[in-house]
Amino acid sequence: MLSAFTSAFKTPDLRKKILFTVFIIGVYRLGATLPSPGVSYTNVQNCIKATETGDVGGVVTLLNLFSGGALLSLSVFALGIMPYITASIILQLLTVVIPRLEQLRKEGQSGQAKITQYTRYLTLGLAVLQSSAFVALARSGQLFSGLCPQDNPQFTIIPENTGLPYWLTLTVLVLTMTAGTGVVMWLGELITDRGVGNGMSVLIFTSIAARLPSEGWSIKQSRGWGVFSAILVLVLVIITLVVFIEQAQRRIPVQYAKRMIGRRTYGGTSTYIPLKVNQSGVVPVIFASSLLYLPQLYLQFFNPNELNGYQQWIQNNLAKPSSWIYILTYFLLIIFFTYFYVSITFNPTEVADNMKKYGGFVPGIRPGKPTADYLDFILSRITLPGSFYLGLVSVLPNFFFIWLANEQYVNFPFGGVAVLIMVGVGLETVKQIESQLMQRNYEGFLR
Amino acid sequence: MPIGFAYTLVVLLVISSILLTLLVLLHRGKGGGMSSMFGGGVTSSLAGSSVAEKNLDRYTVLVGVIWFACIVGLGLWLKLAQQG
């Protein structure tokens, strides 16, 4: 393991890539801590301290997790890659609906590039919307769910007595955060292009990892060493299990027929199609959790003390992460989205057609439609445990804070989405480094 | 400090923000969308960067540095102005 690290650093081009990635991550973290002009750093810190003990509003917690705490402090990179993720989700869903996008996706490389370009435009559009929304939330004090009133000078996030007209300060703030989102997008693309791993996911990984030490420490502070070490052990077990399942795949053997072209024989090889147990990654979890934010978002429009019957029901069940209805809905949504996403990304008919075109077949199965049916059958069977696994890991934090009896751990960074993303991205990146090492015949990290 | 200084910074910041956004949009997108983001598809980035792309990188970095300096400068100015 360690020798693999040294050999990775001895390979000049790989070393350059790794150092470049580290440099970009440094720039990203710098921007994530730099407060936007007009935002009072000390007051924001006061607010964060004031809300630490209570429960922070549900809408922003996941977003805050993805931006590595940058969102609540309204820093330059406050929005992080969230607009990009939202834009990609929207375009991904639209490809099913709009025929033109579907056509572009089938076109291959050039069509895909066009879709990416649309995603980038949409990202900046969303960034304008979201940054204005968050500035408005911060001004009304809702960003910290009313726990730090804005008329108290100690808590005023965007102070007015600066000499500049207030509207100008707000406009500059929105513009800066929008441009910041653009820069984050570019940094991600630079990593994809010249560094190791997929840029966007490496950036998410950094944001989540950046929060681990402080979150862990706050648990230790409030609960003492006993609970802290118990959680650490539990986390290690969870990570091991997640790695185990992420790596799991079913290999469907494929035999290629020998073909004579001129005097040469081609093909005749046997390979396999790897079908992963968790074919869809964490995307379903992100879909499901963004859907489950809608009830909470809806409740934000009303005064919490004057809710009528069904609104109260929503508050006690759908918007409360420790209620059984919430957990069950979350779980079922994840299962649904897992199947949905797998059906979007893996098309058995297409794979079977491609195999037929190149003279490949699964031993014992006729090429064409029977192969497609066979692949479909295996895929839907293997996705069932995959979706259960995704659902279980994601609702784990909810059990955590039923146990710890504290709403603070809603987005506990050691469970659910965070662990899935970290393990997924980590594995992917290490695999990419490894494949580059393999080109030079070195031993890899993973055996 | 004179307020003219702050206005200069604000104007610079607005211009550089807009320029930066446009420059970033001019780049060719490199992400492979959602599926490649969280493990799934296989991304191959075989296409190298062209000369135009390299120059674009240079301009983007330049504007980015100006943008960054403006943010820091304006942030400090606003902080001082608030205390005074």
Side-chain angles (χ1 to χ4, degrees), chain A residues 31 34-41 76 84-85 88-89 91-92 112-113 115-117 119-121 124 159 161-164 168-169 171-172 175-176 178-179 182-183 185-186 188-190 192-194 198-201 204 246 276 279-283 286 341 344-345 420-421 424-425 427-428, chain B residues 1-3 5-7 9-11 13-49 53 56-57 60-61 63-64 67-68 70-84:
Chain A
L34 180 75
S36 308
V39 173
S40 165
Y41 181 73
V76 180
Y84 189 83
I85 297 181
S88 346
I89 292 181
L91 272 175
Q92 184 95 52
Q112 194 65 49
I115 291 185
T116 311
Q117 207 57 33
T119 314
R120 290 155 56 87
Y121 296 143
L124 281 169
N161 53 342
T162 51
L164 283 181
L168 192 63
T169 317
T171 315
V172 167
L175 257 179
T176 314
T178 310
V183 172
M185 192 165 74
W186 186 54
E189 283 162 6
L190 278 179
T192 313
D193 199 17
R194 280 182 235 161
N198 179 293
M200 300 298 167
S201 32
I204 297 183
E246 288 290 328
K276 281 167 78 179
Q279 186 87 5
S280 50
V282 261
V283 182
I286 293 178
Y341 197 69
I344 288 183
T345 50
L420 285 173
I421 291 180
V425 175
L427 275 178
E428 201 65 28
Chain B
M1 277 224 258
I3 193 140
F5 181 63
Y7 276 113
L9 277 179
V10 165
V11 170
L13 183 56
V14 169
I15 294 175
S16 61
S17 294
I18 294 171
L19 249 176
L20 193 60
T21 315
L22 290 180
L23 280 173
V24 165
L25 279 184
L26 276 179
H27 279 91
R28 209 148 36 97
K30 282 284 159 44
M34 205 62 196
S35 51
S36 64
M37 207 139 78
F38 301 108
V42 193
T43 39
S44 58
S45 53
L46 289 171
S49 43
E53 193 94 343
L56 204 54
D57 277 354
T60 317
V61 168
V63 176
W67 179 71
F68 192 78
C70 284
I71 289 173
V72 174
L74 191 61
L76 283 178
W77 191 89
L78 286 172
K79 196 176 152 77
L80 288 177
Q82 202 203 338
Q83 277 167 355

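All chains are named by letter (A, B, ...) in the order of the sequence lines, taking the proteins before the strands, and each is independently numbered beginning at 1.
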When rounded to the nearest 0.5 angstrom, what is the spacing between CH2 in A:Trp186 and CG in B:Asp57? 5.0 Å
Distance in Å, B:Leu13 CG paired with A:Thr171 OG1, rounded so as to fall on 0.5 Å steps: 11.5 Å
For A:Leu168, is it the side chain, the backbone, both, or neither that has a heavy atom closer than 4.5 Å to a heavy atom of chain B? side chain
Look at B:Gly64, B:Ser17, B:Gly73, B:Ala6 and state which one has the largest set of heavy-atom pairs under 4.5 Å with chain A. B:Ser17
Considering all heavy atoms, the nearest [X]-[Y] contact:
X: B:His27; Y: A:Arg120; result: O-NH2, 3.0 Å
X: B:Leu25; Y: A:Gln117; result: O-NE2, 3.2 Å
X: B:Ile71; Y: A:Pro37; result: CG2-CD, 3.7 Å

Please enumerate all residues that pass side-chain contact (heavy atoms from CB on, under 4.5 Å) together with B:Leu22, with sequence neighbours excluded. B:Ile18
Taking only residues two or more places apart in sequence, or in another chain, which ones meet B:Thr21 in a side-chain contact (heavy atoms from CB on, under 4.5 Å)? A:Leu124, A:Ala179
Contact origin within B:Leu20 toward chain A - heavy atom pairs under 4.5 Å: side chain
Which is it for A:Val76 and B:Trp67 under the side-chain contact (heavy atoms from CB on, under 4.5 Å) test, yes or no, and what are the steps along the way? CA-CA 11 Å; A:Val76 180; B:Trp67 179 71; 3.3 Å; yes
